[in-house]
Number of protein chains: 2
Amino acid sequence: MKINGKPMRTIWLAENGWAVEIIDQTSLPHVFETVTLKTVDDAAYAIKAMLVRGAPLIGATAAYGVCLALREDTSDEALEHANSLLAEQRPTAVNLRWALNEMVVAVRNLPREARVAAAYQRAQEICDADVETCRMIGVHGLEIIKQIAAKKPAGTPVNVLTHCNAGWLATVDWGTATSPIYQAHDAGIPIHVFVDETRPRNQGAALTAYELGSHGVPHTLVVDNAGGHLMQKGDVDLCIVGTDRTTATGDVANKIGTYLKALAAKDNNVPFYVALPHTTIDWSMTDGFAIPIEDRGPDEVLTMPGRLPNGTVVTVEIAAPGSPAANPAFDITPARLVTGFITERGVCPASADGLLSLYPEQGKTPAMT
Amino acid sequence: MKINGKPMRTIWLAENGWAVEIIDQTSLPHVFETVTLKTVDDAAYAIKAMLVRGAPLIGATAAYGVCLALREDTSDEALEHANSLLAEQRPTAVNLRWALNEMVVAVRNLPREARVAAAYQRAQEICDADVETCRMIGVHGLEIIKQIAAKKPAGTPVNVLTHCNAGWLATVDWGTATSPIYQAHDAGIPIHVFVDETRPRNQGAALTAYELGSHGVPHTLVVDNAGGHLMQKGDVDLCIVGTDRTTATGDVANKIGTYLKALAAKDNNVPFYVALPHTTIDWSMTDGFAIPIEDRGPDEVLTMPGRLPNGTVVTVEIAAPGSPAANPAFDITPARLVTGFITERGVCPASADGLLSLYPEQGKTPAMT
């Protein structure tokens with residue numbers, strides 16, 4: 001998508017052909033800065049400190065992290081070290097593990113001298129595949145938006161509520177939850193997005209509002225508390241969110257607070273869709289509550305970055321001095337609260353049968369027996 | 001309750017015997033400052049700008065606002081002007097209107113020379129009655145906490161989740177939702193409170209965490225998104241919140257986001273109680289969705305006050321530049337999601353019959369026919 005009118009991806013190779021450039025998303029929306037990753041430790045740090053975030057982009061960054069590791073040491077030990085180092089940075093995101101596994105499979109049986117080139121090729125493929133996957137999620141999700149638009153008076157916007165950032169900044173391009181939104185907007189369908197600010201890291205206020213604004217999509221920022229009221233008032237036509245991990249039975253681990261919006265959607269008969277690439281499906285899991293939930297540090301709750309009137313970016317303490325805080329990063333939205341999944345292969349019910357109807361090949365794997 | 005070891009109320013007469021002193025709650029938790037109100041306009045501003053907030057304290061401040069108005073002009077016109085000026089500052093809070101009506105009744109049939117003294121007396125009575133009301137809410141709510149404690153292993157804390165600030169800073173003393181908590185803590189029952197930060201004004205992080213910490217009650221600050229997850233995990237034994245207006249049928253208007261927590265409590269079989277003085281019951285209303293919901297300005301969403309490392313308090317912009325924002329201040333929790341009301345007269349179901357069982361005299365009023 002575009003920033004300042006310039007088409008960009010969220011991760012790309014530097015001019016030297018081997019270093020990896022990313023947008024430092026912790027500085028958005030205040031400052032637009034790119035960062036160059038030169039080592040696997042740089043990549044691990046970028047994932048841990050959330051310079052990159054969003055399941056697909058974390059996977060892409062991890063893939064390039066393996067490339068950077070192999071560039072320094074092509075041994076099996078280095079590959080294994082990179083794999084485990086990168087995997088442990090974010091325990092909840094399943095396609096971090098998927099991408100790392102893809103990288104290991106791509107290089108492990110190759111002679112050492114062939115590994116670096118093969119790794120870079122596979123990482124590039126993972127990125128390109130993500131772009132195409134997100135584009136197709138948009139193609140399928142667009143049909144849902146078209147159906148809702150057809151039932152509304154002409155010219156009335158379709159109101160979408162989204163949580164966190166499952167936008168193009170969370171992927172390589174297009175986004176997952178936002179891909180149908182961008183495609184509807186580009187197709188001339190009036191659309192308006194309620195953006196949950198998404199405490200504690202404010203990815204909605206900082207990233208989703210930023211990218212929608214950059215692309216010209218009408219939107220309104222609201223606090224996380226507001227969504228239930230908006231749905232009670234009939235101001236929301238549908239919710240679309242992303243997911244960090246989805247079980248084979250349709251339970252969804254996504255940013256903390258997603259579950260509350262799903263409850264409100266159910267209570268007000270608002271369709272609640274989860275947009276996902278197949279890489280976020282964990283076919284080995286059948287119970288969402290078995291997904292490990294990352295506990296992050298209290299500082300994200302106790303402090304807030306922002307701009308002073310002179311433009312300086314500072315971090316302020318916002319809570320009562322000495323307050324203890326807890327910071328669980330994800331919650332589980334049970335399949336029963338999800339209207340459907342929007343995937344790169346189409347739309348399906350949030351259930352084992354629904355997922356298998358789109359991914360029949362998974363019905364034959366040992367994990368599903 | 002205590003601040004820095006010193007027992008305080010939230011509103012009191014200045015040493016001169018007529019001016020009114022309050023705590024500027026917009027400066028908490030960063031700075032503890034008191035403000036002196038000398039005119040009805042001062043009182044109106046304190047209510048509008050939320051130097052005082054919380055339904056009972058708003059009512060008490062409005063009552064003293066009438067005193068300040070009459071002190072300058074004892075005419076019927078001045079009384080009427082003060083009444084309408086103060087009433088319009090916060091459209092949702094019903095006991096703002098209740099307190100103003102009490103003041104009008106107390107003085108309207110008196111000769112002008114007797115009005116000021118009568119007004120001050122009635123305002124003092126309103127404050128003292130609020131303290132006793134809140135104390136009795138605590139006495140009745142304590143029984144609920146005791147019952148839960150009795151079912152837990154000895155020494156295991158009872159975990160309460162609360163939203164916004166229905167603490168003593170919202171009343172004259174004790175608080176409503178916090179009164180049972182303080183009384184349990186003082187009675188030696190192990191208790192721990194999850195405090196929702198309560199965006200956009202952060203009354204949980206700024207006020208509830210502050211007052212619980214000042215009184216020594218163990219607590220953990222969480223973002224508003226976290227409560228559903230905590231309930232899914234079984235980490236919450238009960239929710240207690242306050243209310244700004246309650247219908248005769250048991251629907252509850254409270255701080256935006258309350259409805260989402262009530263949905264999560266219902267979904268996880270966690271008892272969800274609303275603590276209220278009878279003054280927040282609007283006996284004329286039978287449908288919560290008819291309660292007017294205040295829309296506040298976007299700045300509360302787009303900015304955040306906080307402390308710099310050097311202690312200076314600043315306000316920072318936290319969202320993407322140019323983002324539009326909406327800021328509804330309350331939502332409606334339907335009676336079906338409320339386990340019970342904790343009032344100064346006892347605990348009852350959240351229903352017309354439940355409320356009438358505690359307030360049978362209301363069954364005879366025209367409003368209920």
Side-chain angles (χ1 to χ4, degrees), chain A residues 28-30 194-195 197-200 202 205-207 209-210 213 218-230 232 255-261 263-264 267 289 293 298 301-309 314-328 330-332, chain B residues 28-30 194-195 197-200 202 205-207 209-210 213 218-230 232 255-261 263-264 267 289 293 298 301-309 314-328 330-332:
Chain A
L28 289 176
H30 313 300
F194 285 109
V195 179
E197 70 171 345
T198 319
R199 283 279 290 148
N202 283 31
L207 303 177
Y210 176 84
H219 62 282
T220 302
L221 181 63
V222 291
V223 296
D224 301 306
N225 285 322
H229 170 69
L230 296 173
Q232 286 178 321
K255 183 60 52 192
I256 191 86
T258 302
Y259 165 58
L260 296 171
K261 295 302 147 61
L263 285 168
D267 201 44
F289 293 100
I293 300 295
V301 177
L302 299 172
T303 66
M304 178 81 81
R307 298 182 303 281
L308 290 171
V314 295
T315 295
V316 294
E317 294 183 82
I318 59 174
S323 276
N327 188 13
F330 301 92
D331 62 19
I332 304 301
Chain B
L28 290 176
H30 312 300
F194 285 109
V195 178
E197 70 170 344
T198 320
R199 284 281 289 149
N202 283 30
L207 303 178
Y210 176 84
H219 62 282
T220 302
L221 181 64
V222 291
V223 296
D224 302 306
N225 285 322
H229 170 70
L230 295 173
Q232 287 177 321
K255 183 59 52 191
I256 192 86
T258 302
Y259 166 58
L260 296 171
K261 294 303 146 60
L263 285 168
D267 200 45
F289 293 101
I293 300 295
V301 177
L302 299 172
T303 65
M304 176 83 80
R307 299 183 302 280
L308 290 172
V314 294
T315 295
V316 294
E317 294 183 83
I318 60 174
S323 276
N327 187 14
F330 301 91
D331 62 19
I332 304 301

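Lettering follows sequence order; numbering is per chain, from 1. The basis for the numbers below is simple: all heavy atoms, side chains too, and nothing from hydrogens, waters or symmetry mates.
Contact of the A/Val301 side chain with the B/Val222 side chain is not registered, since no non-hydrogen atoms from C-beta on lie closer than 4.5 Å. When side chains are defined from C-beta on, A/Glu317 does not count as touching B/Leu308, because their heavy atoms never get closer than 4.5 Å. With a 4.5 Å cut-off on side-chain heavy atoms, A/Tyr259 and B/Gln232 count as touching. A/Ile318 places none of its side-chain heavy atoms less than 4.5 Å from the side chain of B/Arg307.
Of the two parts of B/Phe289, only the side chain, counted from C-beta on, holds a non-hydrogen atom closer than 4.5 Å to a non-hydrogen atom of chain A. Contacts between A/Pro305 and chain B at a heavy-atom distance below 4.5 Å involve the backbone alone (N, CA, C, O). Interface remark: A/Thr315 contributes backbone atoms only to the contact with chain B (heavy atom separation under 4.5 Å). Contact of A/Phe330 with chain B is made through the backbone alone, with heavy-atom distances under 4.5 Å. Contacts of A/Ile293 with chain B are made by side-chain atoms alone, with heavy-atom separations under 4.5 Å and no backbone atom involved.
Of all heavy-atom pairs spanning A/Ala209 and B/Ser323, the tightest one is CB-OG, 3.3 Å. In terms of heavy-atom proximity, A/His219 sits nearest to B/Pro324 at O-CG, 3.2 Å. When every heavy atom of A/Pro328 is checked against every heavy atom of B/Ala226, the shortest pair comes out as CG-CB, 4.1 Å.
For the options A/Asp267, A/Asn327, A/Val314, A/Leu28, heavy-atom pairs under 4.5 Å to chain B are most numerous at A/Asp267. Each of B/Asp224, B/Asp331, B/Val195 has some count of heavy-atom pairs under 4.5 Å with chain A, and the biggest count is that of B/Asp224. Counting heavy-atom pairs under 4.5 Å between each of A/Pro309, A/Pro218, A/Ala206, A/Ala205 and chain B puts A/Ala205 at the top. Your options are B/Val316, B/Thr220, B/Asn202, and the one with the most heavy-atom pairs under 4.5 Å with chain A is B/Val316. Interface summary for chain A: among B/Gly213, B/Pro200, B/Gly227, the most heavy-atom pairs under 4.5 angstrom belong to B/Pro200.
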Run A/Lys261 and B/Leu260 through side-chain contact (heavy atoms from CB on, under 4.5 Å) and show every step you take. CA-CA 7 Å; A/Lys261 295 302 147 61; B/Leu260 296 171; 3.7 Å; yes
Walk me through it: do A/Leu302 and B/Leu221 pass the test side-chain contact (heavy atoms from CB on, under 4.5 Å)? CA-CA 8 Å; A/Leu302 299 172; B/Leu221 181 64; 3.9 Å; yes
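B/Arg199 contributes atom CZ, which lies 4.0 Å from atom CD of A/Glu197 (distance to the nearest 0.5 angstrom).
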